[in-house]
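Accompanying notes for the structure given below.
Atoms considered below: every heavy atom in the structure, side chains included; atoms not considered: hydrogens, waters and symmetry mates. Indexing begins at 1, ligand by ligand and atom by atom, following the structure's order. We number each residue from 1, following the sequence as shown.
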Amino acid sequence: MRLTKEQQGILDGKKGRILQSAMIDLIKYGTAMGAEEFIPVTSVHTAFSAINVVALAFPPRDVVLTKKDVDKFSEEMAATRVKVKTTINPGIIDRKKWRQMGADESTYKSVMQTVEIGRKCGIMTTFSCIPYLTDNIPLIGDHCAWSESSAILYSNSFLKSRTNRDCYETSLYSALLGITPNFGMHLDENRKGTDLVDVQCELEYASDWGALGYFTGDEIGIGIPVFKNLRRPTGEEAVQISGSMSSPGGIAMFHIVGMTPEAPTIEAAFGGNKPRKTYVFDQSAKRAIYQYLNYKPEGKVDFVFLGCPHKTLYEIKEIARMLEGKHVAKDTRLWIMTSSSFRASAEEFGYAQIIEDSGAELFADGCLLLYYINAPAKRPKLDRVATDGAKQAHGVNRSFGSNVFFGDTERCIEIAIKGGV
Ligand code: F3S
């Protein structure tokens, strides 16, 4: 890759070990992907919830790190500042309500130690997968380095900002260096549609948008879908289609003809290309996705999880309306997950109190999947889980072997109140 004088200096170690190592690995990444140069980024979304995991992104990687190694790395990291606006993906606990999640004090302390290092680095420790709605909103044409697959789809498709599906390590290097290799979604020629998806059924609920996204990711795998006959989504439906499309495939962007910025017409969306294939999403395809994501859904439900991707303030308001004056069943948990920014507003506006009065929990900072996979916590019963997020329905069955109900939000709330399907 061609380097500027400044980039060469960093590679030569003139700005310290952390930046040198970030530069070495970003060059390897760019070279592997065929990039010839770096471009500046304005925004990064990465992961930074456990410093002993962050340490593995830097040498030495092939050894088991001792506490002394992690302490030394923590000191070095805290002395290095990110170059651009940087937010982070959900972590493993809610910083305020970690006890209610069943986390122990040592997990809380280690997360807070990482949060403090992140703060010193200049990272905004947002712990949310919807940065594009709250704390990290790119403008049209901005080059970014983001690592949350659902957020990448939203960013490329609806905001017309440009990011590859970066991983946690490379996005952190980009945060530290303010650059990313110029390839993939950063280039016009790679943003043209490849496959047509003809939508021939009504999408009534946000979960139907999740089903459409899941269908598309599963069918196309890697490519850029162009949707025709699809109405404008609401903001929340846009979050669901972006979230679910990222689960079964490797898609980084899609077009909705007449709606998303790069698709005023079908011809513009394909940029002169012919579609490789046309897929039809009709009533029977929709039914098939619901059948696939619902795994033995009938019976007692232990856990209802809403907030994959994280719930917006509007959705929290609606959930509070549905729960007002009602109570969650005795042996069922209802968790609603959001960003700490939206939770603060929900507390201010009274929605959080209504939710908590119903016996449900409004959590921030986390993700059911990440939490019970990564945190040493006592896992509650997850024999049957109900969720309105297709991405979560996909993951919860594979990660915990849970039976799953997947459906719209209102139905999930009814299930939480009744205690089963
Ligand atoms: Fe967010 Fe976790 Fe879903 S990171 S998109 S809530 S799987």
Side-chain angles (χ1 to χ4, degrees), residues 45-50 53 87-95 101 111 125-136 146-158 163 165-168 171 206-207 209-211 213-214 217 235-252 293 303-313 315-316 319 333-343 361-375 377 379 382 385-400 402 404 406 409 412:
H45 186 67
T46 185
F48 204 92
S49 50
V53 177
T87 48
I88 54 172
N89 223 29
I92 47 178
I93 57 163
D94 181 313
R95 276 168 286 188
M101 287 182 121
V111 167
T125 52
T126 47
F127 290 126
S128 175
C129 48
I130 49 168
Y132 48 82
L133 294 183
T134 49
D135 315 298
N136 196 349
W146 283 19
S147 66
E148 162 55 40
S149 54
S150 64
I152 286 156
L153 273 148
Y154 188 102
S155 172
N156 277 319
S157 311
F158 292 106
T163 176
R165 274 179 77 137
D166 284 332
C167 63
Y168 294 146
S171 55
S207 56
W209 288 79
Y214 196 92
E236 285 66 27
E237 291 164 344
V239 172
Q240 276 307 318
I241 191 173
S242 305
S244 61
M245 207 184 298
S246 65
S247 294
I251 293 172
L293 290 175
F303 209 102
V304 180
F305 182 82
L306 307 177
C308 173
H310 279 176
K311 286 294 183 203
T312 67
L313 185 60
E315 288 175 303
I316 295 169
I319 290 169
R333 288 167 189 241
L334 170 55
W335 280 21
I336 298 132
M337 195 67 76
T338 188
S339 68
S340 34
S341 307
F342 280 149
R343 181 173 62 185
E361 293 280 5
L362 180 62
F363 285 119
D365 299 341
C367 157
L368 182 65
L369 283 177
L370 292 174
Y371 177 51
Y372 286 119
I373 291 170
N374 294 331
R379 192 186 295 172
L382 295 169
V385 175
T387 182
D388 60 354
K391 185 176 180 185
Q392 197 76 204
H394 168 97
V396 91
N397 173 261
R398 284 157 183 77
S399 303
F400 309 130
S402 310
V404 179
F406 165 64
T409 312
C412 286

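- With a heavy-atom cut-off of 4.0 Å, Gln392 touches ligand 1 through its side chain alone.
- The salt bridge (Lys or Arg N to Asp or Glu O under 4.0 Å) search around Arg95 returns Asp365, not counting sequence neighbours.
- Heavy-atom proximity to Lys391, at under 4.0 Å, picks out these atoms of ligand 1: 5 (S), 7 (S).
- Salt-bridge annotation for Lys391 and Glu148: present, with a side-chain N of the basic residue lying under 4.0 Å from a carboxylate O of the acidic one.
- Residue contacts with ligand 1, taken as heavy atom pairs separated by less than 4.0 Å, involve Cys308 via backbone and side-chain atoms alike.
- Note on Cys367: counted as a metal contact of atom 2 (Fe) of ligand 1, an N/O/S atom lying under 2.8 Å.
- When the options Pro90, Gly307, Ser244, Gly366 are ranked by their closest heavy atom to atom 6 (S) of ligand 1, first place goes to Gly307.
- Below 4.0 Å from some heavy atom of Cys129 lie the following atoms of ligand 1, by number and element: 1 (Fe), 4 (S), 5 (S), 6 (S).
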Evaluate the criterion side chain to side chain donor-acceptor pair (under 3.5 Å) for residue pair Asp135 and Ser341; output intermediate values, then yes/no. CA-CA 8 Å; Asp135 315 298; Ser341 307; 2.9 Å; yes

Please assess Gln392 against Thr387 for the test side chain to side chain donor-acceptor pair (under 3.5 Å), listing each intermediate value before the final yes or no. CA-CA 7 Å; Gln392 197 76 204; Thr387 182; 5.9 Å; no

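- The aromatic rings of Trp335 and Phe305 sit tilted relative to each other, their planes meeting at an angle between 30° and 60°.
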